[in-house]
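Everything on this sheet refers to the single structure shown next.
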Amino acid sequence: MTISYWNGRYLPLDEVHVSPLDRGFLFADGLYEVTAAYNGRLFEPEAHIARLQRGMAELRIDCALSAGDWMAIMERLAAESGIDGDLTVYLQVTRGAASSRGHAFPAGVTPSVFGMASPLKRPPASWRDQGVAAITIPDIRWGRCDLKTVALLGSVLAQQAATDAGVVDALQLRDGLVTEGAATNIFVVKNGVIATPLNDNRILEGITRTVILRLAAEAGLRLEERDIPAAELETADEIWIASTTKEITPVTSLNGKPVGTGAPGMVWRRMFALFAERLGR
Ligand SMILES: Cc1ncc(COP(=O)(O)O)c(C=O)c1O
């Protein structure tokens, strides 16, 4: 049985018991992170910890763990997972379990912290060779998409819409603008210029997105953070989706129509090569 972390202890996953009064269970009052580890090395763990800590500060979840403590948990889960190969470490912190149910923050409650490692299913080679299909859907999520909360029903419904349509992702549109995929950031390329939605409350600041921004700057590629009208998806040369588990995946068919030439584009090829190098591949 996989080892997990639960409130200060390392124990088999099936020995973790969560109170029904935990606010994660009752209110989705919590945050999470998914960090990849390649060849036994965590990828950008400091950035994941910083995002978690920022989320806790925003939501006033007062957790005693330091950045070093979070790192130690991730490292131990990765090292003792027994998983042969690449993996992800999942971390979750909720506001904790109060003695009764009530919406406002309860006093004197200790946050619940959970972690586990799972095998990383890397994107199949066909996604890189041919790209993937996606659809567009309305973004029905709340106004704080910058927080990586466990309130994931919007993402669940978006991913299910994609699954029902037989495609890999659903690109969400809000007020005529592109926001995010079901659990990915979106990049659009036109005439060699990469664009991605602004980092504000409408999107999650993806760690993969941050890495792409850095790699583009280092390589001298033109990248703009700006509002992207939905119409630009129709005329794009390339569309990419990016996340920890989807890495950088080209979208070559949108709503049943080819994107650009209908094959992964040159700018994606360049970016993916830089990214693969960062992953140590
Ligand atoms: C809504 C949303 N946007 C973007 C991302 C990509 O974030 P990251 O690159 O940190 O995995 C995720 C990842 O789960 C997500 O849920």
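Every number for a ligand or one of its atoms is a count from 1 in the order of the listing.
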Within 4.0 Å of some non-hydrogen atom of Thr208, the atoms of ligand 1 are 8 (P), 9 (O)
- Query: Any sub-3.5 Å donor-acceptor pair from Glu238's side-chain atoms to Trp268's backbone N or O?
  - Reply: yes
Are any side-chain N or O atoms of Asn201 and backbone N or O atoms of Gly143, one a donor and one an acceptor, separated by less than 3.5 Å?
yes
- Query: Among the heavy atoms of Arg51, does any lie under 4.0 Å from an atom of ligand 1?
  - Reply: yes
Check your understanding: Should the pair Glu225-Arg209 be classified as a salt bridge under the 4.0 Å nitrogen-to-oxygen rule?
Key -> yes
For Ser243, the ligand 1 atoms with a heavy-atom partner under 4.0 Å come out as 6 (C), 9 (O), 11 (O)
| said: Is there a polar contact between ligand 1 and Arg141, counting only N or O atoms under 3.5 Å apart? | reply: no
Closest to atom 3 (N) of ligand 1 by heavy-atom distance, out of Glu180, His48, Arg209, is Glu180
Looking only at protein heavy atoms, what sits closest to atom 12 (C) of ligand 1 is Ala183 O, 3.2 Å
Query raised in the report: Do any N or O atoms from the side chain of Asp146 and from the backbone of Arg202 form a donor-acceptor pair under 3.5 angstrom?
Result: no
Side-chain (Asp175) to main-chain (Leu177) donor-acceptor, under 3.5 angstrom:
no
At under 4.0 Å between heavy atoms, what of Ile203 touches ligand 1? The answer is neither
Ligand 1 atoms nearer than 4.0 angstrom to some heavy atom of Thr244 are 8 (P), 9 (O), 10 (O), 11 (O)
**Prompt:** Cationic tip of Arg95 within the cone over Phe27's six-membered ring, i.e. under 6.0 Å and within 45° of the normal?
**Reply:** no
A student checking ligand 1 against Lys148 at a 4.0 Å heavy-atom cut-off should list atoms 13 (C), 14 (O), 16 (O)
_Can you confirm if the NZ or CZ of Arg76 lies within 45° of the ring axis of Tyr5 and under 6.0 Å from the centre of its six-membered ring?_
no
Report task. Could you tell me whether some N/O pair between Asn185 and ligand 1 is separated by less than 3.5 angstrom? Result -> no
Between Ile203 and Asn185, does the side-chain contact (heavy atoms from CB on, under 4.5 Å) criterion hold? Intermediate values first, please. CA-CA 8 Å; Ile203 69 159; Asn185 290 114; 3.9 Å; yes
The atoms of ligand 1 lying under 4.0 Å from a heavy atom of Gly206, numbered in the order shown, are 7 (O), 8 (P), 9 (O), 10 (O)
